[in-house]
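One is the number of the first residue; the rest follow in order along the sequence.
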Amino acid sequence: MDRFDNLNYLRANNKEVYERMKEYKPENVFEQVKLDGRVIDLRKEADTDAGFIHGGPDQLEEEAEKVIAAQKAMIKEDSHVLFFGTGLGYHIEKFIELYPNQPFSIYEPSMEIFHHLLQSRSISFMERARGFILGEIGKDNHPHADALASQLSGRVTVIPLPSYELLYPEDYADFLDALRTSFERKRLNLVTLANNQMNWIRNSIINFPTTFTTPNILKKKSHFQNKPAIIVAAGPSLHEELENLRYIKENRLAYIFAVGSANKPLIQAGIYPDAVCSFEPQSVNQHVFKEIVEREIKEIPMIFGSSICHQTLTNYPGQKFHVLINTRDPISRLYAKNTDGTLPETVNDAYSIAIVAYQMLMKLGSSPIILAGQNLAFRKGQYYAKGISYDWRDAELSEEELKKQYIPVEDVNGEWIETDASLNEMRILLENYIEMNQNETINTTKGGAKIKGTSFVELIDVIHSRLKNPCAADEWIAEEDEGYSKEFFIEASTKLEKEKTNFFNQERELLKGIEKAKKLVEARKSAVSINHAVQKLNGLYKGWTQNYFYKEIASSLNPLGYEVFAEKMKKAREITLFHKQRSEMIGAMEQYIKKCYEDAKAIDGYLTAAHKEIGSQLKN
């Protein structure tokens, strides 16, 4: 690859990084070190030889080997390696040479170093990476750490490029701290995740015929670029803004997107938002749009996350647009490719639909993004806005809830209010995305938690000072979309069906091998015969985990199961009694494989049905 090949690769495979790099201008912190006209290393300007990224011209190969050798003890068979620092890629190429089957991801904190890499060397090694995330020196690492933690499971080994530890000690320390926090939060949520993950993927499969045939909202940037958009949430202050929102809607002064339950008080007041947004996979999500469904209101489009509860999507009467959720929807990632061969834009999973909607508007280029009803705290004992109640959650806090000890946070007026851990986590994540957004965000939520990165301005004042010109129109709804590549879907679905069949065949062979090894252990046979059986079993297991269906779908169905399996294997290796150790290891493997089989069979029929449904649509 040359520079143009590198950029074309990014454009097709990592559009977010491509957009950031195509116009990037380096700050010239580094100078290029050349040999025979080729860039072979980088050096911090006006620095000594110690400033080389890869140790200088005479040590490139040696340095790459040292980096990997230093971490050899930490690179286990079940490890996912995470590189902190790409440099010019020598150490990653060496790693691939030494560990061709080991999964890895890359986090690059320096846009300037990555710019030099794109200019000077091939990034073909990135094709082997499970993920690549580009940070920015001095900026908050938490959104990137959250994105990585959501994709990784089991043992993670971080390999820093030594020069980065010297050049960016604070960024490296902050990154490790953010990653540790993200994994701790992930572990706290693993039980919930295990229960929800099947839901996410089952919904993604059932929804995909609709996802495939509806427009991707992120392709409609021309309609929203530099246009004001309001995210209306269901916080307690919403009822105070209904007349202001009515005025904005009637005079078409901004796009209004209702998230979660906010549609209820809006519709009760006769205000139809420009769209409702939803992505929650749980079946209770159907109740959020009960009034719209029962009254068959078709004038309000829905923008749905691709893993939304499938009953919600099926029953919704209005026009539908989608946004792909990259960390919770492996299905769309496998099947959806734009007609020009590039990958579609996506958003990250988040704690609430408001944060998903914020990411969506950020990528659409809306400005300013205005928050309304986004209290992220309790207000006078209220959880929701008036007019919202469910069987499982009333608008007001119960007496029992009022007695609890909550988290004090500063509100928009500098006073102290109370919130809970969930709402506080949402606020922190929202602030992270606001920091990443180059456009303005205004918080109009009266009595809500202070949201870093926003200015608080009452909505009536925003109307008078900022929303002077009519801008919202419905052309975005009617505009045709070229959709996704039909040829790519056919190729991808055919491959997955074939690999799914191989997966089940390999699993049967694995279980036979497990049964044989178990009998040898139970009969207290010799270590030689048992080790021979276990070695063969490990080979079958390794081949099974390399199966495309396992890597892309089956392993995603039960992340908690893999965590448990990896922990059991770790503990088993510490057992000194040979037969007991082997028994524990074989038992852990058997439990994990059988659970994978059960989960895979549970979605097997849905997957085949989705393939057939889209195939039928394509024929027609």
Side-chain angles (χ1 to χ4, degrees), residues 15-16 143 146-147 150-151 189 192-193 195-220 224 229 231-234 255 257-263 273-289 292-293 300-316 318-336 343-364 366 369 426 429-430 433 476 481 483-484 556 606 610:
K15 199 165 186 178
E16 183 175 345
D146 282 339
S150 68
Q151 297 172 37
N189 292 326
T192 304
L193 178 62
N195 294 330
N196 285 344
Q197 192 71 358
M198 177 66 78
N199 246 350
W200 285 102
I201 295 177
R202 184 192 297 115
N203 285 327
S204 298
I205 294 169
I206 297 172
N207 294 340
F208 193 71
T210 304
T211 304
F212 192 76
T213 53
T214 55
N216 184 333
I217 188 67
L218 295 182
K219 292 184 178 182
K220 297 183 176 291
F224 298 97
I231 299 175
V232 181
Y255 290 103
F257 295 94
V259 297
S261 301
N263 74 89
D274 290 283
V276 294
C277 305
S278 187
F279 84 126
E280 288 82 358
Q282 297 84 358
S283 60
V284 294
N285 181 249
Q286 300 172 73
H287 300 284
V288 173
F289 304 103
I292 294 177
V293 173
I300 305 174
M302 170 186 275
I303 300 171
F304 67 91
S306 48
S307 301
I308 189 173
C309 167
H310 65 272
Q311 293 98 330
T312 302
L313 191 60
T314 300
N315 296 332
Y316 194 82
Q319 195 168 348
K320 297 161 188 172
F321 298 80
H322 72 266
V323 61
L324 302 179
I325 308 292
N326 63 3
T327 52
R328 289 284 181 252
D329 177 9
I331 305 303
S332 298
R333 185 184 72 238
L334 295 179
Y335 296 149
L343 295 177
E345 281 197 89
T346 62
V347 297
N348 293 325
D349 174 35
Y351 289 94
S352 80
I353 181 56
I355 298 173
V356 172
Y358 187 88
Q359 292 179 67
M360 176 187 81
L361 292 177
M362 185 170 76
K363 293 199 171 192
L364 288 171
S366 297
I369 299 176
M426 286 164 52
L429 187 55
L430 180 59
Y433 282 109
W476 69 276
D481 188 328
Y484 297 119
S556 304
Y606 295 115

- Verify side chain to side chain contact (heavy atoms under 4.5 Å, CB included) between Thr214 and Phe304, making sure each step is shown before the conclusion. CA-CA 10 Å; Thr214 55; Phe304 67 91; 3.8 Å; yes
So do [Y] and [X] actually touch side chain to side chain, heavy atoms under 4.5 Å?
| X | Y | result |
| --- | --- | --- |
| Ser278 | Phe289 | yes |
| Phe321 | Asp481 | no |
| Ile325 | Val347 | yes |
| His322 | Asn207 | no |
| Glu280 | Ile353 | yes |
| Ser556 | Ile201 | yes |

Under 3.5 Å: donor-acceptor pair, side chain of [X], backbone of [Y]:
| X | Y | answer |
| --- | --- | --- |
| Lys363 | Thr346 | yes |
| Lys320 | Leu313 | yes |
| Gln359 | Asn348 | yes |
| Asn263 | Val288 | yes |
| Lys220 | Leu364 | no |
| Asp274 | Phe257 | no |

Give me the atom names and distance for the closest heavy-atom approach of [X] to [Y].
| X | Y | result |
| --- | --- | --- |
| Trp476 | Ala275 | CH2-CB, 4.2 Å |
| Ile231 | Ala357 | CD1-C, 4.0 Å |
| Thr211 | Tyr484 | O-CE1, 4.0 Å |
| Ile331 | Ser204 | CG1-CB, 3.8 Å |
| Met302 | Thr312 | CE-CG2, 4.0 Å |
| Val276 | Ile292 | CG1-CD1, 4.3 Å |

- Message: Would you say the rings of Tyr335 and Phe208 are close, in the sense that their centroids are separated by under 6.0 Å?
- Response: yes
Distance, nearest 0.5 Å, that separates [atom1] of [X] from [atom2] of [Y]:
| X | Y | atom1 | atom2 | value |
| --- | --- | --- | --- | --- |
| Glu345 | Leu218 | CD | CG | 5.5 Å |
| Met360 | Ile217 | CE | CD1 | 6.0 Å |
| Met426 | Leu430 | CE | CG | 8.0 Å |
| Ser352 | Phe279 | OG | CZ | 6.5 Å |
| Ile205 | Arg202 | CD1 | CZ | 8.5 Å |
| Ile206 | Ser307 | CD1 | OG | 11.5 Å |

- Query: Counting heavy atoms not belonging to Glu16, are there more than 12 under 6.0 Å from its CD?
  - Reply: no
